[in-house]
S.K.: 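I'd like to ask some things about the structure below.
This one's a predicted model, so the numbers in the text were calculated from it and none came from an experiment. Every chain is numbered from 1 and lettered A, B, ... according to where its sequence line falls, protein lines coming before strand lines.
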2 protein chains.
Amino acid sequence: MTSSTMGPTRQKRATIVDVAHHAGVSTASASKVLRNAYGVSDAMRERVQASMDALGYRPHRPARGMRGQTFTVGMMASDIENPFFSIIADGITSVLKTENYELLISTGGYDSASQNASVDALIDHQMDGLILIAPVVSGADLERIARDIPLVVVGRHSSSAALDSVSGDDDLGSALVVDHLVELGHRRIAFVANHQDQLEPDRPESVRLAGFLGAMDRHGLGGEAVVIDSRWSLEGGREAARIADTLEHPPTAVVAGADVTALGMLSELWETGRSAPAAYSLAGYDNSRTSSIGPIALTTVDQSGFEMGQAVGRLLLERISGRTESTHLLLEPQLVPRATTAAPAV
Amino acid sequence: MTSSTMGPTRQKRATIVDVAHHAGVSTASASKVLRNAYGVSDAMRERVQASMDALGYRPHRPARGMRGQTFTVGMMASDIENPFFSIIADGITSVLKTENYELLISTGGYDSASQNASVDALIDHQMDGLILIAPVVSGADLERIARDIPLVVVGRHSSSAALDSVSGDDDLGSALVVDHLVELGHRRIAFVANHQDQLEPDRPESVRLAGFLGAMDRHGLGGEAVVIDSRWSLEGGREAARIADTLEHPPTAVVAGADVTALGMLSELWETGRSAPAAYSLAGYDNSRTSSIGPIALTTVDQSGFEMGQAVGRLLLERISGRTESTHLLLEPQLVPRATTAAPAV
DNA sequence: TTGAAAGCGCTAACAG
DNA sequence: CTGTTAGCGCTTTCAA
């Protein structure tokens, strides 16, 4: 550790008044040029633009927000650790930047209270719109938030009239996995459920479980479906693997609900000298980057997060522009078969 | 996709004027209570507090920012995919919330220009301070930014008088890995370097490489040190593995510089029917979550991100409070030996 | 200890 | 098409 001294020499930034002076016009005109507003001559536009460039002018967002828009949208996610969130964010950004909007991200944690606080903070910052990634807040909370600010929710199978939603078709995703396993010859198949916050039926956890059960029924295997109650996390996956070992009629295949859960199961298997698909076939959900790594090679479901993000960005911009009818999109997932699923040992 | 209609019914939020009216005091007094400022009677404080609670008052950040502070700090990271960033962010948040500061995150991408733009956006939002995670911008840029706003940089071994920095002791980290490998009996050891943006010598890439070479020298193995030029990414790791296969005197151990690089190498090995440590011992850096998963079990170096984040938060709050001497912290890393390193085949 | 008034940088009426 | 003016919600002098 080292130390030294220096007095900071902050220099004041150029304001719209400076620009107006420099260009010899009124601040109102400068503002109009800035906003690309109607009713400015080409000559005026050019002069003001030149002055802005010359002064290195950058508009002060809070000041803009006090009267009009901040041209910034906020995104709330439980954490910034989930690679899937990163891909969605990339998709969102790619759309937003075409309209010169910024994206600012706030981490909301894992419970309803702290996520609500995080949303409030974003609203307090005068965001023009909000994106909530797989929020755990109640449906009523979502309605309330949507009354205050344009809102798009990702990962909730909402049908609310007040907001837009975008999610993967988790029902279909589960079915794809079940079809794949049944085709390989499996009959007794388990699903690892996320017990925590099972309350909201429009959450992916619930829909994937329902999709699994429905698909099993369609194959006439309703009686062979096993549900393992655990949590969708690395540790939850480990626990699920331990539970699987205690089952009287052990499954020959396990649908993990989420990649991270499957990875936990792989870890537990590895620690007891076993592996998938030798112990049992194993499938995840999300096509996370880790799932593609050689020694893992996890069969999973891809959700095309980038396209999802693009849709989210587009919808939010539309809402900000005044659209009030709600739109709810369900994007088609894709099975990604890899090495952890195979025909059952006879 | 479904659709329906509903007119939004935005209700106006309570302002400090509403609070003042409700409490029967001046806005100036209400403001003083809000800011916990000096010179308010207990009676005044209580009345105003009660009114704030009654009205559900939440201060409008942009408005605060126009005259004083926003009580919000911005964090720039290349993306939000790196689990290490998430842990650092948690550490930062844990400190900030004790002082009622918010953290807002902006993704800056991977090149200097877009990171600078991202930083500008944060400044335009009137953040009270900035945290840059492993930025790729030039040292001169950092100095410039630090002149405008309190700044803490993570992952640059800076000695600038204008800003604070916190990073892991990458020199020591590399040495720990080399010591470990030499102790196992390895002599010919390779390091995978991140060729991209090698320009700034205070970046971890450079320091880890130098640390590797220095440690090899100390062991009298300077002549056995091999440097493989690639990139620190999954694909870069795959390429590094292919390069390693072409070497005339192949190393018995590889120091990958970063976990993600090591994972790419593991993938490439797996695809050619090999593995570590059978093909060669392999160590990463970062102790990412993936490295701990059973079938991976990657030997790596832990950087204690949470503590790092706490230090960052503390330093930034100090800077915001007016400290001007710079502080540069180097945190001690820890070797995490796992299954990918072993004695060389004789 | 409290309050009145000015002003932060910008946008939105409205006049000219 | 351009300029003048008021005011967004808050903090900060400065008087009382």
Side-chain angles (χ1 to χ4, degrees), chain A residues 10-49 51-52 55-72 100 120 123-128 148 320, chain B residues 10-49 51-52 55-72 100 120-121 123-128 148:
Chain A
R10 312 259 146 86
Q11 62 172 331
K12 58 213 166 306
R13 46 190 289 160
T15 74
I16 204 168
V17 177
D18 299 328
V19 171
H21 276 174
H22 187 275
V25 302
S26 72
T27 59
S29 299
S31 173
K32 280 188 182 166
V33 172
L34 177 61
R35 287 173 291 133
N36 249 313
Y38 182 79
V40 271
S41 65
D42 287 352
M44 167 75 80
R45 184 178 314 284
E46 275 176 37
R47 277 176 62 191
V48 173
Q49 270 305 355
S51 296
M52 285 179 172
L55 298 176
Y57 171 73
R58 299 202 316 258
H60 191 258
R61 304 253 175 183
R64 300 190 83 172
M66 298 230 45
R67 293 296 288 177
Q69 301 179 236
T70 53
F71 295 95
T72 307
N100 282 313
D120 284 347
I123 292 176
D124 294 346
H125 274 280
Q126 185 84 323
M127 299 291 166
D128 292 341
D148 286 343
I320 291 174
Chain B
R10 313 257 145 85
Q11 62 173 331
K12 57 215 165 308
R13 48 190 288 159
T15 73
I16 203 168
V17 177
D18 300 327
V19 171
H21 277 175
H22 188 275
V25 301
S26 72
T27 60
S29 298
S31 172
K32 280 187 182 166
V33 173
L34 178 61
R35 286 172 292 132
N36 250 313
Y38 182 80
V40 271
S41 65
D42 287 351
M44 167 74 82
R45 184 179 313 284
E46 275 176 37
R47 278 176 62 190
V48 174
Q49 269 304 354
S51 296
M52 285 179 173
L55 298 176
Y57 171 73
R58 300 203 315 262
H60 191 259
R61 304 252 175 182
R64 299 192 83 172
M66 298 229 44
R67 295 292 290 179
Q69 300 179 237
T70 53
F71 296 95
T72 307
N100 281 314
D120 284 347
I123 292 176
D124 294 346
H125 274 280
Q126 186 86 320
M127 299 292 166
D128 292 340
D148 286 343

S.K.: Which listed nucleotide (C:dC10, D:dC10, C:dT11) is nearest to the side chain of A:Arg35?
M.R.: C:dT11
S.K.: Atom CE of A:Met52 and atom P of C:dC10: how far apart are they, to the nearest Å?
M.R.: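 These atoms are roughly 9 Å apart.
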S.K.: Within the 4.0 Å heavy-atom criterion, would you say A:Tyr38 contacts the bases, only the backbone, or no part of the nucleic acid?
M.R.: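 No contact.
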S.K.: For B:His125 and C:dC10, give me the distance from atom NE2 to atom C1', rounded to whole Å.
M.R.: 15 Å
S.K.: Among D:dT2, C:dA6, C:dG3, which is the nearest nucleotide to the side chain of B:Ser29?
M.R.: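 Nucleotide nearest to B:Ser29's side chain: C:dG3.
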S.K.: Show the nearest heavy-atom pair for residues B:Arg61 and B:Phe71, with the distance to one decimal.
M.R.: NH1-O, 2.9 Å
S.K.: Grab the two heavy atoms, one from A:Gly39 and one from A:Lys32, that are nearest each other, plus how far apart they are.
M.R.: O-CD, 4.4 Å
S.K.: Considering only side-chain heavy atoms of B:Val25, which listed nucleotide, C:dC10, D:dT11, C:dG3, is closest?
M.R.: C:dG3
S.K.: Of the options C:dT11, D:dC10, C:dA4, whose atoms approach the side-chain atoms of A:Leu34 most closely?
M.R.: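 Closest of the options to the side chain of A:Leu34: C:dT11.
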S.K.: For the pair made of CZ in A:Arg45 and C1' in D:dC1, what is the distance, rounded to whole Å?
M.R.: 12 Å
S.K.: Under a 4.0 Å N-O cut-off, is there an ion pair linking A:Asp124 with B:Arg13?
M.R.: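 So A:Asp124 pairs with B:Arg13 through a salt bridge.
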S.K.: Can you tell me the distance, in whole Å, between the CG atom of A:Asp128 and the C1' atom of C:dC10?
M.R.: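 Spelled out: CG on A:Asp128 to C1' on C:dC10 is 14 Å.
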S.K.: Which is true for B:Ser31 with a 4.0 Å heavy-atom rule: it touches a base, it touches only sugar-phosphate, or it touches nothing?
M.R.: base
S.K.: State the NE2-CE distance between A:His60 and B:Met66, to the nearest 0.5 angstrom.
M.R.: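 It is 5.5 Å, given to the nearest 0.5 Å.
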S.K.: Rounded off to whole Å, could you give me the CD1-to-C1' distance for the A:Ile16 and D:dG3 pair?
M.R.: 13 Å
S.K.: Please confirm whether the shortest side-chain N or O distance from B:Ser26 to OP1 or OP2 of C:dG3 is below 4.0 Å.
M.R.: yes
S.K.: Roughly, in whole Å, what's the span from CZ in A:Arg58 to P in C:dG9?
M.R.: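 These atoms are roughly 14 Å apart.
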S.K.: Heavy atoms from C-beta onward define the side chain here; which of D:dG9, D:dG3, C:dG3 lies closest to that of A:Met66?
M.R.: D:dG9
S.K.: Quickly work out the B:Arg64 CZ to D:dT12 C1' distance and round it to whole Å.
M.R.: 13 Å
S.K.: Distance check needed: D:dT11 P versus B:Gln126 CD, whole Å only.
M.R.: 13 Å
S.K.: Just call it for A:Pro59: base, sugar-phosphate, or nothing, with non-hydrogen atoms closer than 4.0 Å on any strand.
M.R.: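 Contact class for A:Pro59: sugar-phosphate only.
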S.K.: To check you understand the geometry: which heavy-atom pair defines the closest contact between B:Val19 and B:Ala30, and what is its length?
M.R.: CG1-CB, 4.4 Å
S.K.: Kindly say if A:Thr27 contacts the phosphate of C:dC10, meaning a side-chain N or O under 4.0 Å from OP1 or OP2.
M.R.: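 Answer no for this pair, as no side-chain N or O of A:Thr27 is under 4.0 Å from OP1 or OP2.
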S.K.: Might you point out which heavy atoms bring A:Tyr57 and A:Leu34 nearest each other, and give the distance in Å?
M.R.: OH-CD2, 3.7 Å
S.K.: Which nucleotide sits closest to the side chain of B:Val40: C:dG9, C:dT2, D:dT11?
M.R.: C:dT2
S.K.: Taking for each residue the nucleotide of DNA chain C with the nearest heavy atom, is it B:Lys32 or A:Ala14 whose nucleotide lies nearer the 5' end?
M.R.: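 The residue mapped nearer the 5' terminus is B:Lys32.
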S.K.: Would you kindly compare B:Met44 and A:Ala63 by the position of their nearest DNA chain C nucleotide and give the one closer to the 5′ end?
M.R.: B:Met44
S.K.: What's the closest nucleotide to the B:Ser41 side chain, out of D:dT2, D:dT11, C:dT1?
M.R.: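 Taking heavy atoms from C-beta onward, the closest nucleotide is C:dT1.
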S.K.: Quick one: is B:Arg67 getting a side-chain N or O under 4.0 Å of the D:dT12 phosphate, OP1 or OP2?
M.R.: no
